[in-house]
Amino acid sequence: MTVFDVVLTDASLAVNGGARAVSEVLPPMYPGGMRIGAEEEAAVLDVLRSKRLFRYYGPGEAPSKVEELEAAVAEKFGVAHVLAVSSGSIALASSLAALGVGPGDEVIVPAYTWIASAAAVLFVGGVPVIAEVDESLTLDVADVANRITDRTKVILTVHMRGGASDMDGLLELARRHDLRILEDTAQACGASFHGRRLGTIGDIGIFSLQFNKILTSGEGGLVTTNSRSLYERALMFHDVAGSLRASLKETGTFVGTTGRMSELQGAVAGAQLEKLDDILADARRNHAALRAQVAEIATAAGVTWRHQWDPAGDAGIALIGFLPDSARTGQVVTALQSEGVPATRLFNPAITDYHVAYHWDPMIQGRSWSSRTPWDAAPDITRLDPSSCPRTNELLERAIHIDVSPDYTPAQIAQIGHGVNKVLAALLG
């Protein structure tokens, strides 16, 4: 392999031949996906042999894997109601529908989240209003307060990169303004906030089981709530015949769409759930080891760490720090990558990334499959404008993200740490 030493000048980072820090091939960052094994295989075979691929019926009397998954998640997370659905996006839309979001209703979303969080608001006819994030990379409570209008109905907070939002601050704000809270826990399955599982603290929560996530069934999602009425409304939205299947009273029922989880997805997700504690323990161990290894040089180089509202509850899947100089961040990331460190810069204006509202061009320009958008129906509502969140863009431009796989070995953690220390030491001259 070609290997590198890093030499930092005032203007640039130059790379010269040398010994590459990371000698082993690192496992891909698919926390749940890399743990797929005999348990998932056996569960899928159970479904295939039963010929029951649909959760509500089949040729025999086999139990539903989706129902078993819902019950297991409810018990493990300590929540009253769980609804398994076909994707995280449908989980979001079902939750927003459960909360009654519709035309003209505003939903506050962070300017740093996967675009699906905001797209789901548009899907049900609402209007996403972006708000700043703080050094936790989750919603800044003070900025959210400034964005509330008489049209605001829901605060959609996203627990990004495995870390919790300031749930105490958001809950107090929501109570003060009579708003509902939807937790998007797509990237933080199993993480917690002061002893409570994320996704179970607000009015309703969602999880994604897409392949990148901490637990996976390839695609899939979950809705969690302690409210029976919200559960029933989400149930109706995710299944066009949900009210009939659940024998709900005719009063209050409505027609939804189709976003049901298949038995094959339920089988894989159920087997994955049994592995959640081990995945989190391994990720947290590796996160702590890597941070300890680089802490001294990082501090000397002016790196500040991402704020954690509950360090013990963090999922541990990412080590994120901020350089003081945004102009140097991209160069440092390039040097880290040359050393084999799985580092990325969280925002580059020149590279489209749907995790940052700055790049949500379809929404910014008001494009959709229809000739009209929710903004057209309510022209007095402020259009989505990423320039209204300058602090988010500035933070993300300075942010360096390093994947922390639960499958890294101690040797690989040491090698990554060596590469980080080598590059940061160059910053010190």
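Not measured: the values here are computed from a predicted model.
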What pairs with W309 under ring pair (Phe, Tyr, Trp, His ring centres under 6.0 Å), at least two apart in sequence or on another chain?
H307
Qualifying residues under ring pair (Phe, Tyr, Trp, His ring centres under 6.0 Å), relative to Y231, sequence neighbours excluded:
H81
Over all heavy atoms of both residues, which pair between [X] and [Y] is shortest? Give the atoms and the distance, please.
X	Y	value
V133	P110	CG1-CB, 3.8 Å
V404	A283	CG1-O, 3.8 Å
I317	G162	CD1-N, 4.0 Å
S95	A91	OG-O, 2.8 Å
C189	L280	O-CD2, 3.8 Å
A357	I364	O-CD1, 3.6 Å

For D166, which of V141, D140, T157, D310 qualifies under side chain to side chain contact (heavy atoms under 4.5 Å, CB included)?
V141
Using only atom types and a distance under 3.5 Å, with no angle test, would you say the side chain of [X] pairs donor to acceptor with the backbone of [Y]?
X	Y	result
D403	S405	no
K153	G100	yes
H177	A174	no
N286	Y408	yes
R398	S326	no
N226	V79	no
S136	Q308	no
T224	G199	yes
Q187	H159	no
E183	T185	no

I need the [X] [atom1] to [Y] [atom2] distance, nearest 0.5 Å.
X	Y	atom1	atom2	value
L156	T113	CG	OG1	7.5 Å
M167	H194	CE	NE2	11.0 Å
F77	T200	CZ	OG1	8.5 Å
L222	S94	CG	OG	11.5 Å
R391	E135	CZ	CD	4.5 Å
R180	I155	CZ	CD1	12.0 Å

Assess whether atom [atom1] of [X] is packed by more than 12 heavy atoms of other residues, nucleotides or ligands within 6.0 Å.
X	atom1	value
F322	CZ	yes
E394	CD	yes
D178	CG	no

With heavy-atom distances below 4.5 Å as the criterion, would you say the side chains of [X] and [Y] are in contact?
X	Y	result
H287	L319	yes
R147	C389	yes
P386	W360	no
D105	L96	no
M261	L209	yes
E70	L83	yes
T329	E397	no
V294	I297	no

Cut-off 3.5 Å, side chains only: do [X] and [Y] have a donor facing an acceptor?
X	Y	value
S368	S370	no
E219	Q265	no
S87	S89	no
T392	E132	yes

Once the angle between the rings of F123 and F237 is folded into 0 to 90°, is it parallel (under 30°), tilted (30 to 60°) or perpendicular (over 60°)?
perpendicular
Any Lys/Arg nitrogen of K275 or E40 sitting under 4.0 Å from an Asp/Glu carboxylate oxygen of the other?
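Judged by the 4.0 Å cut-off on N to carboxylate O distance, K275 and E40 do form a salt bridge.
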Basic-acidic side-chain contact under 4.0 Å: R35, D278
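Between D278 and R35 there is no salt bridge, as every charged N stays at least 4.0 Å from the carboxylate O atoms.
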Can you check side chain to side chain donor-acceptor pair (under 3.5 Å) on T225 and S227, steps first, answer last?
CA-CA 5 Å; T225 183; S227 166; 4.7 Å; no
Taking the six-membered ring for Trp, are H359 and F347 ring centroids under 6.0 Å apart?
yes
Can you list the steps and then say if K213 with Q272 is a side-chain contact (heavy atoms from CB on, under 4.5 Å)?
CA-CA 11 Å; K213 303 306 188 290; Q272 286 268 294; over 6 Å; no
Can you list the steps and then say if E274 with L276 is a side-chain contact (heavy atoms from CB on, under 4.5 Å)?
CA-CA 6 Å; E274 296 295 322; L276 177 59; over 6 Å; no
side-chain contact (heavy atoms from CB on, under 4.5 Å) for N348 and D353? Distances and angles first, verdict last.
CA-CA 8 Å; N348 181 340; D353 179 357; over 6 Å; no
Please lay out, stage by stage, how L139 and S165 fare under the test side-chain contact (heavy atoms from CB on, under 4.5 Å).
CA-CA 7 Å; L139 277 175; S165 308; 5.6 Å; no
